[in-house]
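The sequence lines fix the lettering, A, B, ..., with proteins before strands; numbering per chain opens at 1.
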2 protein chains.
Amino acid sequence: MDQHAIQDDLTRQVNCTCFNLRKATRAVTQYYDRMIKPSGLRGTQFTLLAALSEMKAITITHLADFLMMDRTTLTRNLRPLQKQGYIERSMGDDQRRREIRLTPKGVAIYQNAKPLWEKAQSVLITRMGEATLKDLLKALSETVSAVE
Amino acid sequence: MDQHAIQDDLTRQVNCTCFNLRKATRAVTQYYDRMIKPSGLRGTQFTLLAALSEMKAITITHLADFLMMDRTTLTRNLRPLQKQGYIERSMGDDQRRREIRLTPKGVAIYQNAKPLWEKAQSVLITRMGEATLKDLLKALSETVSAVE
DNA sequence: CCATAATACGTGAATATACACCTAATTGAA
DNA sequence: TTCAATTAGGTGTATATTCACGTATTATGG
């Protein structure tokens, strides 16, 4: 390959949707994790507790659908939360279903972490601007639609 | 909490930058992985080979800086590539440095996978539109700046 | 020259992700 | 009613990610 072809490769690679998304996600995840760390939670764990706090009880499959997450990923992400006693599982009427809900301890830590998440979110919005956030969410939504 | 507060929580949570970024990254990563799978590579592995194909030899730390990736993450991501014989490592002049470069086998699989990546990229751009891609990359860039 | 700081890198431990495959319970059609 | 298809869920295996910590090498100031 000559230099022009190499340069073309580099340019295209730098614009790779997957690479850029992963890069941004790494940076933003680290930011949220730092901000929420005093609560003892990860950003991803906060997301799960927040979702569960909006619902009485829900099955793994339904929660995975709601969060657009692979079911088996969710199963494993719930493990640390169960180990810490933040959630509990029980059989549903249908013996195939496992219902998940927050424990009082889980509600407490969620309430404890919420201000930290609020702060993380508001600081980020201040820094990037509301317009950019709006653009980002719109672009992300359209991107997800494009790969489905 | 009353119903209004719950609704507020849900609305804010749904707009969480971290959650939405992670969600989109999951979807896009799965898409690229599906498209590139015939080559035997993951999308992330293709990215590493592509970066290495642009350079003669590079240290772990420098490559991690270039890709804006944690150094220890990169160390571990390089392992499967080395196990497959796609890259090789050698001591630099400075005995602390380990230099990484593509092997001929690595060049070959990269060339083999490149059309698959090109296809994945072009199909995605067709579906989402060039304007949306441009918006996405701009928003991602501004977001990364905001958390640094 | 030598002690110390800085640099380069690896490992342990934990979470995050997902595909392929398996089991158990329920449903539904012959 | 019975048995095959569907549904709900877990496990094995592999990669991806990062923080805290440790080791080895080089650079540097006194």
If you assign each of A/Glu99 and B/Leu74 to its closest nucleotide in DNA chain D, which residue comes earlier from the 5' end? A/Glu99

Between B/Gln95 and B/Met69, which is nearer to the 5' end of DNA chain D once each is assigned its nearest nucleotide? B/Met69

Select from A/Lys83 and B/Ala27 the residue whose nearest nucleotide in DNA chain C is closer to the 5' end of that strand. A/Lys83

From the set C/dA20, C/dT15, C/dA13, return the single nucleotide nearest to any side-chain atom of A/Pro80. C/dT15

Is the base of C/dC19 touched by the side chain of A/Thr72 through a donor-acceptor pair closer than 3.5 angstrom? yes

How many Å lie between NZ on B/Lys37 and C1' on C/dA18, as a whole number? 10 Å

Distance in angstrom units between B/Asp70 CG and C/dG10 P, rounded: 12 Å

So how far is it from B/Leu52 CG to B/Thr47 OG1, rounded to the nearest 0.5 Å? 11.0 Å

With rounding to the nearest 0.5 angstrom, report the CZ to NE2 distance, B/Arg71 to B/His62. 12.5 Å

When you measure from every atom of DNA chain D, which of residues 19-26 of chain A have a heavy atom less than 4.0 Å away? A/Arg22, A/Arg26

Thinking salt bridges, do B/Glu142 and B/Lys138 make one under a 4.0 Å N-O criterion? yes

Nearest-neighbour nucleotide for the B/Thr61 side chain, C/dC9, C/dA16, C/dC19 considered: C/dC9

Range on DNA chain D touched by chain B, heavy atoms, distance below 4.0 Å: D/dT15 to D/dT26

Length of the CZ-C1' vector between B/Arg71 and C/dG10, whole Å: 7 Å

With a 4.5 Å limit on heavy-atom distance, are the side chains of B/Arg34 and B/Lys37 in contact? no

State, with a plain yes or no, whether a side-chain heavy atom of A/Tyr32 is found less than 4.5 Å away from one of A/Trp117. yes

